[in-house]
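Encoded as structure tokens, the structure appears first; notes follow it.
All values below come from the heavy atoms of this structure, side chains included, with hydrogens, waters and symmetry mates left out.
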Amino acid sequence: MRFAPSPTGSLHVGGARTALYNLLFARHEKGTFLLRIEDTDVERSRDELISQILSAMEWLGLEYDEGPFYQSRRYDLYREAADRLVSEGKAYRAFETSEELDAQRKAAEASGRAYRYSGAGREMPPDESDRRAREGQRHVVRLKMPAETIVVDDLIRGRVEFPAEALDDFVLVRSDGHPLYHFCVCVDDTEMRITHVLRGDDHLANTPKHVALFRALGAPIPKFAHLGMILGTDRKKLSKRHGAAAVEEWRDLGILPEALVNFLALLGWAPGGDREILSREEMEREFSLDRVGPSPSVFEPEKLLWMNQQYIARMPAEEILNRSLPFSPAGLPEAEVARKAVELHRPRVRTTVEMGRALSSYVRDPAEYEPEGFRKHVKPDTAAHLEDLARRLEEVSDWSAPSTEAALRETAEKAGISAGKLIHPMRLALTGTTVGAPLFDVVELLGKDTTLLRLRRFVEAARAAAPQAPTS
RNA sequence: GGCCCCAUCGUCUAACGGUUAGGACACGGCUCUUUCAAGGCCGGAGCACGGGUUCGAUUCCCGUUGGGGCCA
């Protein structure tokens, strides 16, 4: 098996799924999986994209047994193969200029026929062809397509037929000597002894070309399996326009590689039963093309987020901490607090970005108070009540969730107000928001000093916002 | 334009001629609760359409429609 991306963009989720399925199939069948970089398109290929693709694959845990191989370093191989096909009469040189071809195309259009290359070069006697080549006349090399229907037995779609009329003698080597995509693919697949080509649906229509090429090369024809495309929520082929289409974007959004892999595995493949969360080992053990569907599927970020949350829910605290560290701008609180904070926030975050932010809040005071919540929960007498509360909390010696809660409820009762009148503004004081983990758990983790500090800072802010409210 | 592929809840999917069409995400409700989640329970939601084949079609065949891809 092989995964063969072109470094003309970063690895996107469609490519990642293709790579994953290749890997799963290879592992299941005890085969070999290799990586080949198809960088023959010199205008569009970029080196930094190659390293991005490699690191994205590594991040996802898509390890390959061989490679990466680079097509740009294999030109000799393609040149030899092209020469051989020409000398065997399976391909031929074509000397038409692009002006001549344009004219032919226009004429075909004008007469309302579909354009096909005339195949004029086919009939040229070999010695004339050789002579003109020796004289340095510009020419391309074209494959002699057979005049028969080409049948592809796709492992996912079954039998697909391509009538000969739809295929003309396509170009293998450009007039500047540059070998073209389909040609390199087949030469490499042959040389690398690929037995199963598992790739996106967008290549199905290219497959008859490949079959013809394999035959011309005298090579065994691999088995083909074409996956349905991955679509955006607008049902168009997934691309940058759809927001996060690249693997690294999901990484930066705080998605775990395990979750993304799991999600992609299920985009087209259905293991038996109602299982949704599968380990790599289970996937490798159970993957089968029989259970891969032919239809395209829409990439639904909501479900990926849910799956990520499932992985966060199951992961050891220590591990979550490690994964969230890059997203915690203020660093981590001390170990014991950090571990407890993970447990506290685990059920209410969906990404490691959110976890990182939550962890940061134990280290860094809130930069601002959510304005709407401030308006809602800060009344003229709030500052005074919170000040009473701070004084009362000062006296708490065994700082814990229950003891601080008792202190708060006592303060509220004395003041003749409901506990909520203190709880809500206090959450705002400590976290800057009106929603989040249970208040007294936060209080306990924050510790006495930080709690009182943030509370008093908030009292000042509340006073500043309502200076006209005198309270006794 | 030519050729090719695809079609079950909004989305991912199960079903391999006979099922009250199952599960998951999302959505709604209830529960828990100081807030928000998570969890538990409940609910609404689908076989694109038209012809065949068959005792019987979501399932097989053909067409229509819709979507997608490749080539130019």
Report task. With C1' as the reference atom in both, quote the distance from rC3(B) to rC9(B) in angstrom, rounded to an integer. Result -> 33 Å
Query raised in the report: Would you call E284(A)-R280(A) a salt bridge at under 4.0 Å N-O?
Result: yes
Requested in this report: Look at E302(A) together with R350(A) and state whether they make a salt bridge at an N to O cut-off of under 4.0 Å.
Outcome: yes
Requested in this report: Give one of base, sugar-phosphate or nothing for L439(A), where a contact means two heavy atoms less than 4.0 Å apart.
Outcome: base
Query raised in the report: rU34(B) P sits how many Å from L344(A) CG, rounded?
Result: 15 Å
Query raised in the report: Base, sugar-phosphate, or nothing for F440(A), non-hydrogen atoms under 4.0 angstrom?
Result: base
Requested in this report: For nucleotides rU34(B) and rG29(B), find the distance between their C1' atoms and express it as a whole number of Å.
Outcome: 23 Å
**Report entry** Spacing of the P atoms in rC41(B) and rA26(B) (rounded, Å)
**Finding:** 15 Å
Requested in this report: Could you work out which one of rC5(B), rC4(B), rA14(B) sits closest to the side chain of A270(A)?
Outcome: rA14(B)
Query raised in the report: Does atom CD of E413(A) have more than 12 heavy-atom neighbours from other groups under 6.0 Å away?
Result: no
Query raised in the report: Under 4.0 Å between a Lys/Arg side-chain N and an Asp/Glu carboxylate O for E372(A) and K376(A)?
Result: no
Report task. Starting from P on rA72(B), measure out to OH on Y117(A) and report it in whole angstrom. Result -> 14 Å
Query - Who pairs with rU59(B) - Watson-Crick or G-U, where each distance is under 3.5 Å - result: none
Query - Reference residue H196(A); test ring pair (Phe, Tyr, Trp, His ring centres under 6.0 Å); the match among F25(A), F224(A), F3(A) - result: F25(A)
Query raised in the report: Heavy-atom contacts under 4.0 Å between residues 404-425 of chain A and RNA chain B, which residues?
Result: I423(A), H424(A)
Query raised in the report: NA contact type, P208(A), heavy-atom cut-off 4.0 Å: base, sugar-phosphate, or nothing?
Result: nothing
Query raised in the report: Using 4.0 Å as the upper bound for N to carboxylate O, is an ion pair formed by E276(A) and K303(A)?
Result: yes
Query raised in the report: With sugar-phosphate meaning primed atoms plus P, OP1 and OP2, does S295(A) contact a base, only sugar-phosphate, or nothing at under 4.0 Å between heavy atoms?
Result: sugar-phosphate
Query raised in the report: On the ring face of F95(A), is R138(A) found with NZ or CZ under 6.0 Å from the centre and within 45° of the axis?
Result: no
Query - Rounded interatomic separation in angstrom, taking CE from M145(A) and P from rA72(B) - result: 13 Å
Report task. Answer with base, sugar-phosphate or nothing: what part of the nucleic acid does E161(A) contact at a heavy-atom distance below 4.0 Å? Result -> sugar-phosphate
Requested in this report: Pick the P atom in rU33(B) and in rG28(B), then give their distance to the nearest Å.
Outcome: 22 Å
Query raised in the report: Around K223(A), counting heavy atoms of other residues, nucleotides and ligands shown, do more than 12 lie under 6.0 Å from its NZ?
Result: no
Query raised in the report: What's the CZ-P distance between R159(A) and rC5(B), to the nearest Å?
Result: 12 Å
Requested in this report: Could you give the distance separating rG51(B) and rU19(B) at their C1' atoms, to the nearest angstrom?
Outcome: 26 Å
Query raised in the report: Can we say R391(A) and E410(A) salt-bridge, meaning some charged N sits less than 4.0 Å from an Asp/Glu carboxylate O?
Result: no
Query raised in the report: Under a 4.0 Å N-O cut-off, is there an ion pair linking R454(A) with D365(A)?
Result: yes
Query raised in the report: How close or far is atom P of rC12(B) from atom CD of E276(A), stated in whole angstroms?
Result: 13 Å
Report summary line: For nucleotides 60-71 of chain B, 5' to 3', base contacts (B), sugar-phosphate-only contacts (S) and non-contacts (-) with protein non-hydrogen atoms under 4.0 Å give -------SSSSS
Report task. Determine the interatomic distance between P on rG22(B) and the same-named atom on rU58(B); round to the nearest Å. Result -> 15 Å
Query raised in the report: Starting at CZ of R291(A) and ending at C1' of rG23(B), how long is that distance when rounded to a whole Å?
Result: 13 Å
Query raised in the report: In residues 297-316 of chain A, which ones come under 4.0 Å of RNA chain B, going by heavy atoms?
Result: S297(A), V298(A), E300(A), E302(A), K303(A), W306(A), Q309(A), Q310(A)
Query raised in the report: If you draw the axis of the six-membered ring of Y21(A), does the NZ or CZ of R17(A) fall within 45° of it and under 6.0 Å from the ring centre?
Result: yes
Query raised in the report: What distance, rounded to whole Å, do you find between the two P atoms, one in rA24(B) and one in rC42(B)?
Result: 10 Å
Query raised in the report: How long is the line joining CZ of F263(A) and P of rA26(B), in whole Å?
Result: 12 Å
Requested in this report: May I ask which nucleotide in the shown strands pairs with rA37(B), Watson-Crick or G-U wobble, both distances under 3.5 Å?
Outcome: none
Query raised in the report: Under a 3.5 Å cut-off for both distances, is rC71(B) Watson-Crick or wobble paired, and to whom?
Result: rG1(B)
Query raised in the report: How is G273(A) classified with respect to the nucleic acid when contacts are heavy atoms under 4.0 Å: base, sugar-phosphate, or nothing?
Result: nothing
Query - Side-chain donor/acceptor contact of R348(A) with base of rC36(B) under 3.5 Å - result: yes
Query raised in the report: When rounded to the nearest Å, what value does the distance between P atoms of rC6(B) and rU64(B) take?
Result: 16 Å
Requested in this report: Indicate yes or no: does D381(A) engage K379(A) in a salt bridge with an N to O separation below 4.0 Å.
Outcome: no
Query raised in the report: Just how far, in rounded Å, is C1' of rA14(B) from CZ of R275(A)?
Result: 13 Å
Requested in this report: Counting Watson-Crick and G-U wobble pairs only, both distances under 3.5 Å, name the nucleotide matched with rA15(B), or none.
Outcome: none
Report summary line: Contacts of P347(A) and D441(A) projected onto RNA chain B by closest heavy atom; the upstream (5') one is D441(A)
Report task. May I ask you to say what R427(A) touches in the nucleic acid, namely base, sugar-phosphate or nothing, with a heavy-atom cut-off under 4.0 Å? Result -> base
Query raised in the report: Passes side-chain hydrogen bond (donor to acceptor under 3.5 Å, both in side chains), H385(A) versus T411(A)? Steps please.
Result: CA-CA 8 Å; H385(A) 287 315; T411(A) 307; over 6 Å; no
Requested in this report: For D169(A) and R142(A), indicate whether the former's side chain and the latter's backbone hold a donor-acceptor pair under 3.5 Å.
Outcome: no
Report task. Any strand is fair game: report the nucleotide pairing with rC27(B) by Watson-Crick or G-U wobble, both distances under 3.5 Å, or none. Result -> rG43(B)
